[in-house]
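The structure appears below as structure tokens.
Per chain, numbering begins at 1; letters A, B, ... match sequence-line order. Excluded from the calculations below are hydrogen atoms, water molecules and symmetry mates; all remaining heavy atoms, backbone and side chain alike, are included.
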Amino acid sequence: MKIATFNINGVNKRLDHLLAWLAAAGPDIVCLQELKATDGEFPKAAIEAAGYGAVWRGQSAWNGVAILARGCEPVLTRAALPGDPSDTQSRYIEAAVSGILIASLYAPNGNPRPGPKFDYKLAWHERLKRHAAELFATGLPVILAGDYNVVPEARDIYPTRSYDDNALVQPESRAAFRALLDQGWLDALRKVHPEDRLFTFWDYRRLRWQRDAGLRLDHILLSRKLTRRLKGAGIDREVRGRDGASDHAPVWITLRD
DNA sequence: ATGTCGTGACTATCACGA
């Protein structure tokens, strides 16, 4: 079974990219972020025609998350991250697919820092941590996949000083990600590729793709029950190189049956 | 500070988020 996460940066703007990648990569479950579409604008018919059922939570202009499942309908379990009913941003959706509970998440970017955006980022991660602990404690097979907007370690970014003040690399941001690993979640990409340079995002500006000036922001975390099923993992970098591509590449893992 | 995109205000640029 192949499970992927992809920050699509506009699901309608890049629908042809998405469909081409689905056909080529053939993932069984896909977590999407940054739909940049309202619920009504989600391209349900095209995704259905490609052979995928879907659940989604959209929002006008920004954010938006979805879960696709090949040949079946995901069973929605949550459409918001618990802990703050006043939070209206569409950044979390969770569903049951093929005996796995899977979440597609899009953590806040947090820039500029310091300020309310960074405070919101940390508060959101705190809520994620609380919910993740509950999920982990169930003992169920659970996957938390998405754009965490955190560069976990120094080796997960190209050598530069230009991100020193950026919310993506701050100690508080890294501590939030580390706290999930401390609960027992497995960073699947790093587990499969312990020594490799792993980038999943390249800013549109300053020729960062051409220079391979990337960052690792998109992560797939596995609960205890799934760690021994982990078989492979990768990043579909070629997708980032296409004309009009998202600024993120799809990230995937494979699990033994 | 800047770079480059996407979207949504509004009709040709500008604000905002990333």
Side-chain angles (χ1 to χ4, degrees), chain A residues 5-21 31-43 46-47 56-66 81 86-93 104-125 128 145-152 156-170 172-174 176-177 199-219 235 237-251:
Chain A
T5 181
F6 186 12
N7 181 323
I8 189 74
N9 189 17
V11 70
N12 287 308
K13 182 77 184 174
R14 260 174 276 283
L15 183 58
D16 55 336
H17 286 63
L18 174 62
L19 297 175
W21 170 72
C31 295
L32 296 176
Q33 301 86 34
E34 281 206 81
L35 302 177
K36 295 189 173 178
T38 61
D39 281 339
E41 290 165 346
F42 185 80
I47 284 168
W56 63 93
R57 182 162 177 239
Q59 183 179 330
S60 179
W62 294 303
N63 308 323
V65 284
L81 186 62
S86 71
D87 183 1
T88 57
Q89 300 191 28
S90 299
R91 297 182 175 276
Y92 186 92
I93 191 167
S104 175
L105 63 93
Y106 176 48
N109 173 292
N111 285 302
R113 181 207 65 96
K117 297 267 180 65
F118 192 60
D119 296 343
Y120 173 62
K121 174 182 189 137
L122 296 183
W124 197 94
H125 272 285
L128 177 63
D147 179 356
Y148 284 73
N149 267 317
V150 175
V151 174
D156 294 314
I157 181 170
Y158 70 102
T160 181
R161 302 298 308 273
S162 65
Y163 279 83
D164 283 2
D165 291 326
N166 197 293
L168 305 175
V169 304
Q170 295 311 305
E172 299 95 322
S173 307
R174 286 178 169 163
F177 187 75
F199 297 154
T200 69
F201 164 87
W202 298 258
D203 197 286
Y204 289 125
R205 293 169 285 192
R206 294 228 161 179
L207 299 173
R208 286 195 169 103
W209 167 248
Q210 290 83 345
R211 295 160 44 212
D212 195 22
L215 291 69
R216 186 164 80 102
L217 300 180
D218 304 270
H219 310 300
I235 301 164
R237 288 175 58 111
E238 68 280 3
V239 173
R240 178 61 181 84
R242 291 192 56 193
D243 282 346
S246 168
D247 41 5
H248 294 251
V251 177

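The residue among A:G244 and A:K117 whose nearest nucleotide of DNA chain B is located toward the 5' end is A:G244. Nearest-nucleotide mapping onto DNA chain B: of A:D203 and A:G110, the residue sitting toward the 5' end is A:D203.
Between the A:N12 side chain and the A:A37 main chain, no donor and acceptor come within less than 3.5 Å of each other. No donor-acceptor pair closer than 3.5 Å links the side chain of A:S104 to the backbone N or O of A:V65.
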message = I'd like to know whether A:N9 forms a side chain to side chain donor-acceptor pair (under 3.5 Å) with A:Y204, so could you lay out the CA-CA distance, the side-chain angles of the two residues, the decisive distance to 0.1 Å, and finally the verdict.
response = CA-CA 12 Å; A:N9 189 17; A:Y204 289 125; 3.0 Å; yes

request  = Let me see the working for A:T200 and A:N7 under side-chain contact (heavy atoms from CB on, under 4.5 Å), right down to the final yes or no.
outcome  = CA-CA 10 Å; A:T200 69; A:N7 181 323; over 6 Å; no

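Considering only the side chain of A:R206, B:dA1 comes nearest among B:dA1, B:dA18, B:dG6. Here B:dG8 is the nucleotide among B:dA18, B:dG8, B:dC5 with the atom lying nearest to any side-chain atom of A:S60. The nucleotide whose nearest atom lies closest to any side-chain atom of A:K13 is, among B:dT7, B:dG3, B:dA18, B:dT7. Considering only the side chain of A:Y204, B:dT4 comes nearest among B:dG17, B:dT4, B:dG3. Checked against B:dT7, B:dC5, B:dG3, the side chain of A:R205 finds its nearest nucleotide in B:dG3.
Backbone-only contact: A:Y106 has heavy atoms under 4.0 Å from sugar-phosphate atoms and none from a base.
To the nearest angstrom, C1' of B:dG6 lies 10 Å from CH2 of A:W62. Going from atom NZ of A:K121 over to atom P of B:dG17 covers 15 Å, rounded to whole Å. Note: CG (A:N63) to C1' (B:dC16) measures 13 Å, nearest angstrom. For the pair A:L207 CG and B:dT4 C1', the interatomic distance rounds to 10 Å; values are reported in whole Å. Rounding to whole angstrom units, OH of residue A:Y163 and C1' of B:dA1 are separated by 15 Å. With rounding to whole Å, A:R91 atom CZ is found 11 Å from B:dG17 atom P. Between the P atom of B:dA18 and the OH atom of A:Y120 lies a distance of 9 Å, rounded to the nearest Å. If you measure from atom CG of A:D164 to atom P of B:dT2, you get 19 Å, rounded to the nearest angstrom.
Using P as the reference atom, B:dC5 and B:dT11 are 26 Å apart when rounded to the nearest Å. Between the C1' atoms of B:dT7 and B:dA1, the separation comes to 24 Å (whole Å). Here, B:dC16 and B:dC10 have their P atoms 14 Å apart, quoted to the whole Å.
Side-chain contact between A:N109 and A:K117: absent, with no pair of heavy atoms (C-beta onward) separated by less than 4.5 Å.
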